[in-house]
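First the structure, in the form of structure tokens, and then the observations on it.
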Amino acid sequence: MKTTSIILSTVFLLLFPLVLKAQHKYEREYRIKSEIIPQSAQEFIDSIDSDSKIKWYKEISLNDITIEAKFKHDKKKFSIEFDTLGILQDVEFVIKKREINSAVYHKIEEKLDSLYQKWKFQKIQTHFEGKNKDMITSISKNEPTDSITILYEIVLKGKALGNTQLYEITFDVQGEIQDVLQIIQDKADHLEY
């Protein structure tokens, strides 16, 4: 028991700087009309057989402005992000935790336990990066090609040092932390009456 406490304390001390040095993430989305979408982005989306109507958004973050197409395909919620010129940035789709390899999921849980006193998932997404052709094939077959980079983006509510915040944590397919972002919430997003 004492050895376990020492190990957990050591791991916490090693990972604690990630929580303290978490960069900030702020995003605000606005619905936009499809008529103003760059042609290359529209052509990419047209090459996918979606199950629902495509909804287009302009997303403003701390460092960037992007365009996103959101839709359902194969019963999954997709978000495909482009820069303002229509160049593909990434593809994300919402998954359930059981869709992550069990060994990787266990490793992710251990890392989260070491970072936070308490934590709770808000959303889990698979994040694909790669060439347009490979992305279209991966989306169509519902399986990534070998040339696709796969990450997991997890949005969670985490409590550290008695303070509860929203975080977006990116993990690679081995369950290693790639990035920790503290989500800045706009007061306008939460109306108070």
Practice task
Verify side-chain contact (heavy atoms from CB on, under 4.5 Å) between Trp119 and Tyr167, making sure each step is shown before the conclusion.
Solution key: CA-CA 10 Å; Trp119 55 269; Tyr167 294 93; over 6 Å; no
If you look at every heavy atom in [X] and [Y], which pair is closest and at what distance?
| X | Y | value |
| --- | --- | --- |
| Leu156 | Tyr116 | CD1-CE1, 4.0 Å |
| Ile148 | Ser138 | CG1-OG, 3.3 Å |
| His73 | Asp49 | ND1-O, 2.8 Å |
| Met135 | Phe128 | CE-O, 3.1 Å |
| Asp90 | Glu92 | OD1-CG, 3.9 Å |
| Ser40 | Leu85 | OG-O, 3.6 Å |

Handout entry: More than 12 heavy atoms from other groups under 6.0 Å of CZ on Arg98
Key = no
Exercise for the section: Can you establish whether the number of heavy atoms outside Lys58 located under 6.0 Å from its atom NZ is more than 12? Expected result: no
I'd like to check [X] versus [Y] (side-chain heavy atoms, cut-off strictly below 4.5 Å). Are they in contact?
| X | Y | answer |
| --- | --- | --- |
| Tyr152 | Thr126 | yes |
| Ile184 | Leu62 | yes |
| Ile54 | Ser34 | no |

Is there a chain of hydrophobic side chains (I, L, V, M, F, W, Y, each step under 4.5 Å between heavy atoms) that links [X] to [Y]?
| X | Y | value |
| --- | --- | --- |
| Ile136 | Phe93 | yes |
| Val180 | Leu166 | no |
| Val94 | Leu151 | no |
| Ile67 | Ile48 | yes |
| Ile183 | Ile60 | no |

Problem - Salt bridge present between Lys70 and Glu29 (N-O < 4.0 angstrom) - result: yes
Problem - Lys111 and Glu176 ion-paired at < 4.0 Å - result: yes
To the nearest 0.5 Å, how far apart are [atom1] in [X] and [atom2] in [Y]?
| X | Y | atom1 | atom2 | answer |
| --- | --- | --- | --- | --- |
| Ile169 | Ile124 | CD1 | CD1 | 11.5 Å |
| Ile108 | Ile154 | CD1 | CD1 | 4.5 Å |
| Glu129 | Gln89 | CD | CD | 9.0 Å |
| Glu153 | Ile95 | CD | CD1 | 11.0 Å |
| Asp134 | Thr149 | CG | OG1 | 10.0 Å |
| Ile65 | Arg28 | CD1 | CZ | 13.5 Å |

Just distance, no hydrogens or angles: give the donor-acceptor pairs under 3.5 Å from side chains in residues 74-81, sequence neighbours left out.
| unit_1 | atom_1 | unit_2 | atom_2 | d |
| --- | --- | --- | --- | --- |
| Lys76 | NZ | Glu99 | OE1 | 2.7 |
| Ser79 | OG | Glu68 | OE2 | 2.1 |
| Glu81 | OE2 | Thr66 | OG1 | 2.6 |

Handout entry: Pairs flagged by ring pair (Phe, Tyr, Trp, His ring centres under 6.0 Å) wherever residues 33-70 is involved - sequence neighbours left out
Key = Phe44-Phe82
Exercise for the section: Using modelled atom types only, decide if a donor and an acceptor are shared between the side chain of Thr170 and the backbone of Gln178 within a distance under 3.5 Å. Expected result: no
Exercise for the section: Could you walk me through whether Ile45 and Ile37 pass the side-chain contact (heavy atoms from CB on, under 4.5 Å) test, one step at a time? Expected result: CA-CA 11 Å; Ile45 294 301; Ile37 304 304; over 6 Å; no
Practice task
Could you go through the side-chain contact (heavy atoms from CB on, under 4.5 Å) check for Val173 and Val104 one step at a time?
Solution key: CA-CA 7 Å; Val173 290; Val104 173; 5.9 Å; no
